[in-house]
2 protein chains.
Amino acid sequence: MKGKATSFDIAHYAGVSQSTVSRALRNSPLVNEETRRRVHEVAKQLNYKVDKNASNLRTQQSSTLALLLFEDPTSDESQINPFFLAMLGSITRACAKEGYDLLVSFQSSSSDWQADYEDSHRADGLILLGYGDYLDYQPKFKTLIDQHTKFVCWGASVDNRPDLTVSCDNYGGGKLAAEHLLATGRTDCAFIGDASDHSPEFFARYQGFKDAFLAKGIKLNERKMANAISTEESGYHATRSLIANNIRFNSLFAASDLIAIGAIRALKEAKIKVPDDVHVVGFDNIAVASFVNPPLTTVQQDTTLAGQMLVDNLLKLIRGEHVENTLLPPRLIIRGSSV
Amino acid sequence: MKGKATSFDIAHYAGVSQSTVSRALRNSPLVNEETRRRVHEVAKQLNYKVDKNASNLRTQQSSTLALLLFEDPTSDESQINPFFLAMLGSITRACAKEGYDLLVSFQSSSSDWQADYEDSHRADGLILLGYGDYLDYQPKFKTLIDQHTKFVCWGASVDNRPDLTVSCDNYGGGKLAAEHLLATGRTDCAFIGDASDHSPEFFARYQGFKDAFLAKGIKLNERKMANAISTEESGYHATRSLIANNIRFNSLFAASDLIAIGAIRALKEAKIKVPDDVHVVGFDNIAVASFVNPPLTTVQQDTTLAGQMLVDNLLKLIRGEHVENTLLPPRLIIRGSSV
DNA sequence: TGACATTATGACACCGGTGTCAGATTAGGA
DNA sequence: TCCTAATCTGACACCGGTGTCATAATGTCA
C-alpha cells in the first residue's frame with residue numbers, strides 16, 4: 001500500500017460506498033451492524049486513521065485546546081517556573097481525559113502575543129496561564145472577547161467577565177499564612193512580593209495577609225515590604241535590600257515559593273537563622289518546597305484541580321454552557337521554616 | 001461580519017480572485033506588488049487568518065510536532081519528573097523557533113500508546129520522551145519505522161537506527177561522576193539505580209562509572225547496589241534497604257537526581273552525614289538539585305541543547321535529510337554533597 | 001395487493017484553502 | 001508593425017472527510 005489509506009480505499013475493499021464507511025467508522029446507527037463490522041475490519045487491516053485535517057475542516061472544530069504560557073520576560077530562559085510546569089502537567093491530563101489534544105506555546109508577554117490558534121481553527125479554545133501583568137492584558141482580553149474567542153485564564157481576572165477566570169483564593173491563602181504566623185507568635189512581619197495592583201494575584205495574597213493581621217489589631221509596617229517578581233533571584237535581592245537597610249522582622253511572608261527560597265538564601269547569608277530568628281512562609285507549594293533547608297511552610301494551590309477546572313470551564317464555554325466564577329480553596333502546608 | 005472571514009471575502013473586497021488572494025498572502029512572486037499590498041490590507045482589516053485545517057489538508061502537512069511523554073507508571077500522578085518538564089520547556093521553545101506548533105500528550109507506558117498523531121495528519125513527526133523501558137518499546141519502534149512514521153526519541157536507542165536517537169553521553173557522564181569521587185578519595189562506593197539492560201540510560205551510566213573505577217584498578221562491589229526507578233520514593237527505599245542490610249560505603253552514585261534526593265533522605269534518617277560520612281552524586285541537574293541540603297553534586301544534561309537537537313533531527317528526518325547519531329556531552333556540577 | 005413507514009445505502013455538494021493550467025495583458029525585439 | 005516572451009490573473013480540480021437528500025429494499029397493515 002502506497003501512502004496512507006483513505007476512506008475510499010476502505011470503501012473499495014469493503015464493497016460499500018465511501019459515505020457508508022464514514023458513517024460506519026463513527027458508529028452511526030444508520031448503518032447495518034454487519035456492514036459496520038466489515039468496515040471496521042478492513043479499516044483495521046489497512047491501519048486506517050481518519051484524517052483530522054479533513055474532518056476538522058468539514059466540522060469546523062478541532063478537538064484541540066491551546067495553552068498559552070506567559071512568562072516573566074526577566075526570568076531565565078532555561079528555567080520555567082515550576083508552578084506553571086505543574087499546571088501544564090495537570091492541564092495536559094485533564095485534556096486527555098476529555099478527549100482533547102493540547103497545543104502548548106510559550107509567549108513572551110513583552111512581545112505581541114499570537115492568539116491566532118482559534119482564528120486559524122487550530123484550537124477550539126485557549127487557556128491563558130501566567131502571573132499576568134493585569135493592566136497590560138486587559139486590552140488583549142477585550143479583543144479576544146470581541147472576536148468571540150473562547151478562552152479562560154488563570155489568575156488574572158477579566159473585567160466584567162469573572163466567568164473567564166479560574167484562580168486560587170489568593171486572598172484566603174494570604175489569610176491562612178497570616179493566621180499561621182500569628183499563631184506562632186511572630187507578629188513582626190515582612191512581605192516580599194508585589195503589593196501593587198499590577199500583579200493581581202500577589203496583591204490579593206497581600207490583602208488577605210494584611211487583613212488577617214488587622215483583625216488582630218496589628219498594622220503591617222509598610223517599610224517592611226519589598227517588591228519582587230516570582231523568581232529566586234528577585235526574592236534574594238529584595239530580601240537583601242531589606243536587610244541592608246537594617247530593617248528587622250521575625251517573620252516573612254513571600255508571595256511565592258521561589259521568592260521565599262531566594263529570601264531564605266539572603267537570610268542565611270546574613271547569618272539570620274530560619275526558623276529560629278525568622279519564620280518564613282511561601283505560596284504555591286512547588287515540588288522544591290519540601291526539599292529546601294529548612295523545608296518551606298507554604299500555601300498550597302491544588303494544581304490538579306486547577307487544571308481540571310480550567311479545562312472544564314473552557315469546554316463549557318465552547319459548548320455555550322453557563323460558567324461560574326471559579327475560586328479554588330488554598331491549603332496551608334506547615335513545614336520546618338515556620339515552627 | 002458574521003463568522004470568520006475566508007479568502008473569498010477578501011477576494012471580494014479587494015476586487016481580485018480568490019486564487020490571487022491565496023498567492024498574495026503567501027507572498028508569491030507571481031503576484032503584482034500593488035495587488036499584494038491591497039490584499040494584505042484587506043486581510044488585516046477583516047482580521048483574516050488562514051484556516052490551518054484547509055491548508056494542511058491540501059498540502060498534506062501540518063507544521064506541527066507531537067511530543068509523547070512516557071512516564072513511569074508507578075510515579076505519583078500529580079508529580080511529573082522535573083527533568084522531563086525541563087525538556088518539555090526546551091522542546092517547546094525549539095519548536096517555536098522553527099515555526100512549528102507542539103502537541104503534548106502523556107502516555108502511560110503500560111497501556112497501548114496511541115501514536116496516531118502522524119497517521120491522522122495532526123503532526124508531521126513525533127518526539128518520544130521517557131526513561132524508556134528499552135525492551136518493551138522495540139516492537140513499537142519497529143511498527144513506527146515500518147509505517148514510515150517520522151520520529152526521534154530521547155535516551156532509548158532504536159535497533160539499527162542510531163540516527164533516531166538523541167541522548168546524553170550517559171557512559172561519559174557516569175565516568176565523570178566516578179572520576180570526581182575518586183578524586184575526593186571516596187573509593188568505597190554504592191550505586192542506586194538500575195544496572196540491568198532494561199533501563200538503557202541507567203545502564204550506560206553505571207557502565208561508565210564502573211569502568212572509571214576499573215581503570216584505577218578498583219572493582220565495584222556488587223552487593224553495594226540497589227535497584228530503583230527514577231523517583232524520590234524509590235531512591236529512599238533502595239538506600240534504606242542497603243543501610244538495613246548493614247552495607248557500608250563512603251560514597252554513593254545515584255542514577256538520577258530524584259534517586260539521589262531520596263537517598264540523602266534515607267542517609268540522614270540513619271544519622272549518616274552527607275557529605276562527611278558519604279559523598280553523594282546524582283545525575284540530571286534538575287532545578288531542585290541546587291536547593292536540597294546539602295546542595296547536590298550532579299552530572300548535568302544540557303536540556304536546552306537536547307530539546308534543540310531533538311527538534312532539529314526530527315525536522316531533518318521529515319525533510320528527508322541525513323541525520324547523525326547524536327550524543328550530547330555531560331558536565332559535572334560540583335556542589336556540597338561531595339566536597 | 002397496494003399504500004406507507006422503516007431501514008440501509010449511494011450520490012453529491014461542501015468545508016477553505018493550494019497548485020496547475022490556460023488566457024489576458026503588456027513589454028521587448030526585429 | 002508583427003511576433004514572441006514575460007508578467008499577472010482567474011477558473012478549476014483537488015485534498016479527505018461529513019452531512020443532506022434521494023432512492024432502493026424490506027417490512028407492516030389494511
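Each chain gets a letter, A, B and so on, in the order the sequences are listed, and its residues count up from 1.
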* Are A:Asp312 and A:Lys316 ion-paired here, with the side-chain N under 4.0 Å from a carboxylate O? -> no
* Does a salt bridge link A:Arg93 with A:Glu98, judged by any charged N lying under 4.0 Å from a carboxylate O? -> no
* Kindly check if the number of other-residue, nucleotide or ligand heavy atoms within 6.0 Å of NE2 (A:His40) is above 12? => yes
* To do: With sequence neighbours left out, write down each residue that passes side-chain hydrogen bond (donor to acceptor under 3.5 Å, both in side chains) with B:Asn160, or none if nothing qualifies.
  => none
* Structure fact -> The side-chain hydrogen bond (donor to acceptor under 3.5 Å, both in side chains) partners of B:Ser55 (sequence neighbours excluded) come to none
* **Sugar-phosphate or base contact per nucleotide [nucleotides 13-22 of chain C; S, B, -; heavy atom under 4.0 Å]** => BBBBBBBB--
* side-chain N/O B:Thr35 vs D:dC8 OP1/OP2, d < 4.0 Å -> no
* To do: State which residues pass salt bridge (charged side-chain N to carboxylate O under 4.0 Å, His left out) with B:Lys150; sequence neighbours excluded, sorted by chain then number.
  => none
* Asked: Taking only residues two or more places apart in sequence or in another chain, which ones pass salt bridge (charged side-chain N to carboxylate O under 4.0 Å, His left out) with A:Glu34?
  -> A:Arg37, A:Arg38
* Check B:Tyr100 against B:Thr64 and note the closest heavy-atom contact, atom names and distance. => CD2-N, 3.4 Å
* Would you mind reading off the distance between A:Arg38 atom CZ and C:dA8 atom P, rounded to a whole angstrom? => 13 Å
* Asked: To the nearest Å, how far apart are B:Asn32 CG and D:dA6 C1'?
  -> 13 Å
* Asked: So how far off straight is the helix from C:dT1-D:dA30 to C:dA30-D:dT1, going by the axes through five pairs at either end, to 10°?
  -> 50°
